[in-house]
Each structure stands twice: as structure tokens, then as C-alpha cells.
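Below you'll find the structure, written out as C-alpha cells, and then a few comments.
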Amino acid sequence: MRTLFKHTLALLVLAIAGGLFTPSLLAADSVAVIAHRSVPEQELNKTKLLDIYTGDVKRWSDGKPVVVIDLKPAGEVKETFYKYLGKSPSRMKSVWLKRMLSGEGDPPLTVESETEMVKRVAATPGAIGFVSSEAVNDTVKTLAIIEHESGGKK
Amino acid sequence: MKLKDLRIGVKQTIGFVCILILMAGANFSSFYQLFNLKKSIDDVTNSWLPRAIAISEININTTDLRQNQLQLIFADSEAERTAQADRIVELLDSISTNLDTYEQLREQALVQNLYSEEERTLYAAFDQKWDRYQELSFTFFQYTREDRIIEAVALLNGEARLLFDEFRHDLQELVRVNTTDSQRAAVQAEDAFRTARRVAQNIFILTLIVSALAVFVTIRLITIPVKQLSNAVAKVAQGDLTVQLEHQSEDELGRLTSSFNRMTIALREARAKTEEQELALRTRNAELQQTLAQLQEAQQQLIMKEKMASLGNLVAGVAHGINNPIGAVNSSADNARRAVVKLRELINGNDELRRLVSETDLEKLLNVLDENTIITATASRRIAHIVKSLKSFARLDEADFQRASIEEGLETTLTLVQHEFKNRIEVVREYAGVPPILCFPNELNQVFMNLLVNASQAIHGKGQVVVKTAHDQKWAYIVVSDTGIGIPPASLPRVFDPGFTTKGVGVGTGLGLSISYNIIKKHDGTISVTSTVGEGTEFTIKLPFRT
Ligand SMILES: Nc1ncnc2c1ncn2[C@@H]1O[C@H](COP(=O)(O)OP(=O)(O)OP(=O)(O)O)[C@@H](O)[C@H]1O
Ligand SMILES: [Mg+2]
């Protein structure tokens, strides 16, 4: 049942993409923004996501604090995500450093892998993170899907 | 159609267009090179230089950052700590801004192909290390916040220090790369400038050459033909109609040249025709003049004939009239002489009568009678001689062409002018005994008469006239010279002209020598004159012996 859903979704995306890509390639290219299931928001636009990651927005719409989680190892997923936000990881770190120094908050928690990311998000109320679409499961909710900018695997 | 046959305007336009194209080429090339130059300069000022500046800023900022981090560790008070933190925030802001600037410039540079692979690698390495450095900084600030000074120092001097050194090196390399690239661009700019200058110089020289060529061609195609044409026109103006110009081109000058050639030909023909007509006119004129001269001569001869005829009649009448009385006077004188002779015989035969004569003046009277009869006889003889001369001068009886003695004619004429000469002029005769020649004696006598009268009129006071004859086998010569006033050289050629006279109106007719000239001509002879003013004049007549 789950695989059937997965395949249906993949086929749907495939249809939208114009039948150019295989499902596996497509899965590797898109990044999912995930959150703890208790998070009231159903979806997030780019501005909102950026505000959350820079620390400008610290609470969800229900007033519960946001817990930002960053993926530590550099890679395609991280690159795609930060490119979408319009800030490189290092630049984002500058922002966080500034916040930290001015006492506005600590830098995000970090995880070492996508699996850990999913586990951590599922386990932490108010948590938000990002993984490749492939790694998403029912333990978390997806707030946005970010397509790889170049639109295909090189 | 060749170039030289084009119209002058077209030629000039071609030259103009050539120069124009060259100038346009020069301008275009200059613009192109300037564009290159500007691009190179723009690249340097807009791309490499700003990038190098941004990186340098980052370099300085990161150094400051590290220093401030160190100072933060040892901040004594909370205020100092805050100040350091603020300073670090500022530095981070500055770094971010510079990185933004750099990345924007990088985007442009990528488009313009001004971003090298080396720079890309270097920057990626830096970015990664900077990322890691900031990650370490989180921990570092964590330590400082918790006053874990030893750990903070260890971190800063440990891994952070290594990273710092590494990315600083990357930054320096980036600055170096940008500087070399900008230097390369500067070299390119200089190249472009050099090329522009060289091209401009070359085109300038080329323009000069083409202009010089245009001037040369103009001179060859226009000025020289015009000069030739004007020279030719000047020659024609001076009357040289043989000038013909070489036909060199088909342009306006060429057509002018052919027009000119046609003109000279036409002029030549016209002149030839005029000359022909003039010649005809002159011939006609000469004929007319000759006719006139003949007429005049005929008239003179008529006048002369008339004169001579009347003079002849007169002389004949006078001679005839005088001859009888002279005969009477002569015989009377003879009778008287004979009577005186008889009377003397009578007286001598009778003593009484002789005594009577000696006692009276009778003897004296007889002597007077004797003398007078002799005088009368002599005078009447002279009269008879003059009459004979008159008759022979007029030659009324012998007006035909005949053999006659020149010297006789001269003598006859001299007798007639004797009364003019009187004691004033001495006549010297130097006759050579020229044999008689075939002639009209009365006409020659007229010539002698004329010469002798002119001589006597030229001598004022006393003087001498020499009458000389000579001859060779063919010619008889008569020379009449005087010691008169002479003829001025200006008048000398005109003395034989009919009507030329220096004597007052009524004295001379100016026909004497003219008539003489015609008479001598009629005898196939010549008459010439030499004269020196103040010394005298000499006329020489040359007459042929006819056989
Ligand atoms: N022996 C001479 N000495 C100086 N002049 C002379 C002599 N013979 C002629 N002439 C000059 O030549 C002129 C022309 O002479 P010509 O006998 O033809 O005419 P004329 O003597 O003037 O006139 P006409 O003979 O009718 O009396 C003279 O007027 C005189 O001036
Ligand atoms: Mg005379």
C-alpha cells in the first residue's frame, strides 16, 4: 500500500516533469522540508522558511518554539536546500554567529545523517529539518518539496 | 573605359571617396581598438579589481575577527565582552557583505568569461574552510560564554588556527590571481592601445600616400594637360598654327584638346585661304601699278613728244626764219669786206688818194669798216652754227632709229647750254672717241640736256662740269659729273621718280630725270647716280652697241 502510494506520487511528478525522468532520479533530486507531526503548519513558503532558518521566526503559529535542525555533512541535499534559501551554508552560519553573539539564540542543532535527521525531527516537538525526498517517512510531516535547481542529474 | 577617360569630376570624386574610405577605416579601427581598450579597462576596474578588493577586505576582516576572538577570551568586564561581541558582529557583517559583493562580481565574470578555473577552485576551498571556521566559532563562543577559557584558547590556537592560516592562504592566492588577471587585462589594454596607435599611424601614412597619389594623379591628369593646352594656345596666339596636341584622354580635357586641334586646323585653312586671296590681290595690285606706270610713261612720252614736236616746229620756223636774214647778213658782210678790199686796192693804186687817206681819218674809218665786217661775218657764222645746232638737236629731219655719234650729240647740247654756263662753269671734255651707236639721237640729246641743266642748277657760283665718254666692246659709257651741292642720301633713291623735285614750284617739274630714265631704258641701257653732299654729283649712262 505504501509502495503503491509512493509509485503513484512518483508517476504523478513524472507526468508533471514531462516524462523525462525516471522515478529514482527524481527522488534523488528533490529535497523535502520536514517537521515534527505536531507542527500546525501544513506548508511553508520560501520567505517563511528563510525567516525560520535565520532565526527571525522563533515560534510556530500555535506559539510553540521552533527547533531548527541543520544537516552537518555537505552534499547535494544540503546544497540544494541552501541554494533554495539563497544563502550558502557558510553565510547562514555568519547569521547564526551574529545571533549567538548578540544573545538572540543559539545556532541550530546539527545531525550527522539524513536518517538521524528524520529520527530527530520525529522525536523533537516543534522541530524542522530537511532531507532528500527519498528519506521521508510517516514519522514526520512534509512542509515543502524543493526541486533541484538544474532540474536533472548531471 | 580607362581611368583617364573618366570625367574630371568623377576622377576627383574617386580620389575623394578613396580618402574618405581610408579615413572611415581609420576611425572605425580606432573606435574598435578603443572599444577593446575600454573593455579591458572595464574588466580591470569592474571585475578583477573589485574582486581583489573584496577578497582583501575579507582577509583583513578575518584577521581582525581572529584577534577579536582572542580579546574576547580575556575580556574583563561584561561591558568589554559585549563591545568585543559587537565588534565581531560588525566584522561578520562586513565579511558577508564582501562575500556578497564578490559573488555578484563572480556571476558577471562567469558570463563575461573572466572567471578562471583556478579562482573557482580557490574560492570553493576558501568557502568550505570559512564554513568550518564558523562552525568552530560556535563552539568557541559557547566556551567563552561558559568561561571555559582554557578550552577556548585551545580551540582558537588549535584547529581554528590551522584553518585560519589555510583560508588566509586561500584568500591571498585569490588576491594574487585577481591581480595577475587584472595585470593581464592591463597588458591586453596596452596591447589594444598599441594596436590602435599602430593602425592609426599606418592609416595616417596610407592616407598621406593616397593623398599624395591623388595630387600626383590630379597633376598628371589635369594640370599637365591644361598647361600643355595653354602653351599651345599661347603659340597659336603668336601665330604658330602648326601646333597639334596629343589626344590623351576622353574626359573634358580630351574633348577640349580635340576641339583645340580642330580649331588650329580650321585656322590654318582659313589663313591659307586668306593668304591665297591676299596673293591674288597683290598680284592684281602689282598689275594695276604696272599699268599705271605704263600709263604714266606713255603720258610723259606723249607730253615729251608734244613738247618736242612744238619745239621742233618752233625751232624749224625760227631756223628757217633766221637762215634767210643770216644768209643776207652773211653775204652783205662778205660784200662789204670785198668792197673794203677793193677800196684798199684802189687807194693803194692812186698816190693822190693814198696821200688823201693818210692826210684824213679815212684810213681809220677803213679799219673800223674792216673790223666790223669781220665781226659781222663771225657773228653771222656763229648764228648759223647755233641754228645748225638747234636743227640738229631737234633732229627734225632724223627722228628715226639711226647710227649717231654720242660725242657729237654732247657737243650739240653743250652749244645749247653754253649761255647757261657762260664764264661761271668750266666744261672739261674727256672724249674717248666712242664709235657711233644705234639710237634715237634727239632723245639722247634730251637726256644730255637734262643732265647738263641739272648740273648747272646744282652749281651755285663758279664750278666745273666734266663730260666724259668711254666704251668697251659691248657698251658705251657717258659720265656727267659736277661740283654742285650734291644730293642727300635720303633723296638719292627718289631722283628718278616722276615729279620729284627740290626746286621751287614753277622752276622744276621733277620730270627731267624720270624722262631721261625712260629714254635710257628704251635704249636697253642704264642710268645711275652717285653723290656726296657738298662735293658733287656724278651720273653714269651705259648704252649697248647694237650690231
Ligand atoms: N646734278 C645734280 N646735282 C644736285 N641735285 C640734282 C642733280 N640732278 C638732279 N638733282 C636733283 O634731282 C631732282 C630731280 O631732277 P629732275 O631733273 O628730274 O627735275 P628738276 O630738275 O627738279 O625739274 P626739271 O628738270 O623739270 O626742271 C632735282 O630737283 C634735284 O634736287
Ligand atoms: Mg632737271
Side-chain angles (χ1 to χ4, degrees), chain A residues 31 46-47 50-56 58 66-114 116-117 120 127-130 149-150 154, chain B residues 54 58 61-62 65-66 68-69 71-73 75 78 80-104 106-107 123-146 152 160 163 167 170-171:
Chain A
V31 170
K46 194 167 131 181
T47 327
L50 186 63
D51 284 349
I52 287 168
Y53 263 82
T54 54
D56 284 343
K58 290 191 176 68
V66 176
V67 180
V68 177
I69 301 175
D70 188 25
L71 184 66
K72 198 171 183 186
E76 211 166 289
V77 174
K78 194 176 177 180
E79 196 182 304
T80 307
F81 178 73
Y82 279 101
K83 210 171 244 175
Y84 175 71
L85 286 186
K87 277 211 184 294
S88 71
S90 80
R91 208 67 54 74
M92 195 59 96
K93 283 196 181 75
S94 297
V95 175
W96 293 334
L97 269 176
K98 284 190 284 183
R99 288 204 168 275
M100 191 184 182
L101 281 165
S102 45
E104 286 173 30
D106 286 342
L109 300 170
T110 54
V111 291
E112 293 294 334
S113 71
E114 291 186 43
E116 201 192 334
M117 172 70 88
R120 198 66 177 269
I128 183 167
F130 59 90
E149 225 178 42
S150 59
K154 282 162 225 164
Chain B
I58 292 164
N61 289 339
T62 48
L65 177 72
R66 190 177 148 75
N68 278 291
Q69 280 176 314
Q71 285 169 1
L72 185 67
I73 300 170
E78 191 57 34
E80 200 180 320
R81 197 191 295 263
T82 318
Q84 286 297 341
D86 285 352
R87 176 70 189 133
I88 290 170
V89 168
E90 267 172 41
L91 287 168
L92 286 169
D93 268 339
S94 173
I95 290 168
S96 293
T97 314
N98 277 314
L99 284 171
D100 283 345
T101 309
Y102 178 85
E103 277 169 18
Q104 266 171 28
R106 183 181 59 178
E107 290 310 307
Y123 186 70
F126 162 75
D127 194 48
Q128 207 189 329
K129 283 164 194 162
W130 173 233
D131 188 61
R132 177 71 190 133
Y133 186 84
Q134 288 182 105
E135 227 170 83
L136 289 175
S137 295
F138 292 145
T139 321
F140 168 78
F141 288 129
Q142 196 71 41
Y143 289 158
T144 53
R145 217 159 44 185
E146 292 162 11
L163 261 177
F167 74 65
D170 289 343
L171 287 171

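Reckoned from all heavy atoms, side chains included, excluding hydrogens, waters and symmetry mates. Residue numbering restarts at 1 for every chain, and letters A, B, ... go by the order of the sequence lines.
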Approximate separation, where rounding is to 0.5 Å, of [X] [atom1] and [Y] [atom2]:
| X | Y | atom1 | atom2 | answer |
| --- | --- | --- | --- | --- |
| Arg99(A) | Leu92(B) | CZ | CG | 13.0 Å |
| Leu101(A) | Gln69(B) | CG | CD | 8.5 Å |
| Asp127(B) | Ser88(A) | CG | OG | 5.0 Å |

Within 6.0 angstrom of Gln128(B) CD, more than 12 heavy atoms from elsewhere: no
Side chain, backbone, both or neither: which part of [X] has a non-hydrogen atom closer than 4.5 Å to chain A?
| X | result |
| --- | --- |
| Asp86(B) | neither |
| Glu103(B) | side chain |
| Arg81(B) | neither |

Considering all heavy atoms, the nearest Gln134(B)-Ser90(A) contact: NE2-O, 2.6 Å
Any Phe138(B) side-chain heavy atom under 4.5 Å of Lys93(A) side chain: yes
Note, Glu135(B) side chain near Asp70(A) side chain (heavy atom, < 4.5 Å): no
Chain B contacts, top residue of Met100(A), Lys98(A), Arg91(A), Met92(A) (heavy-atom pairs, under 4.5 Å): Arg91(A)
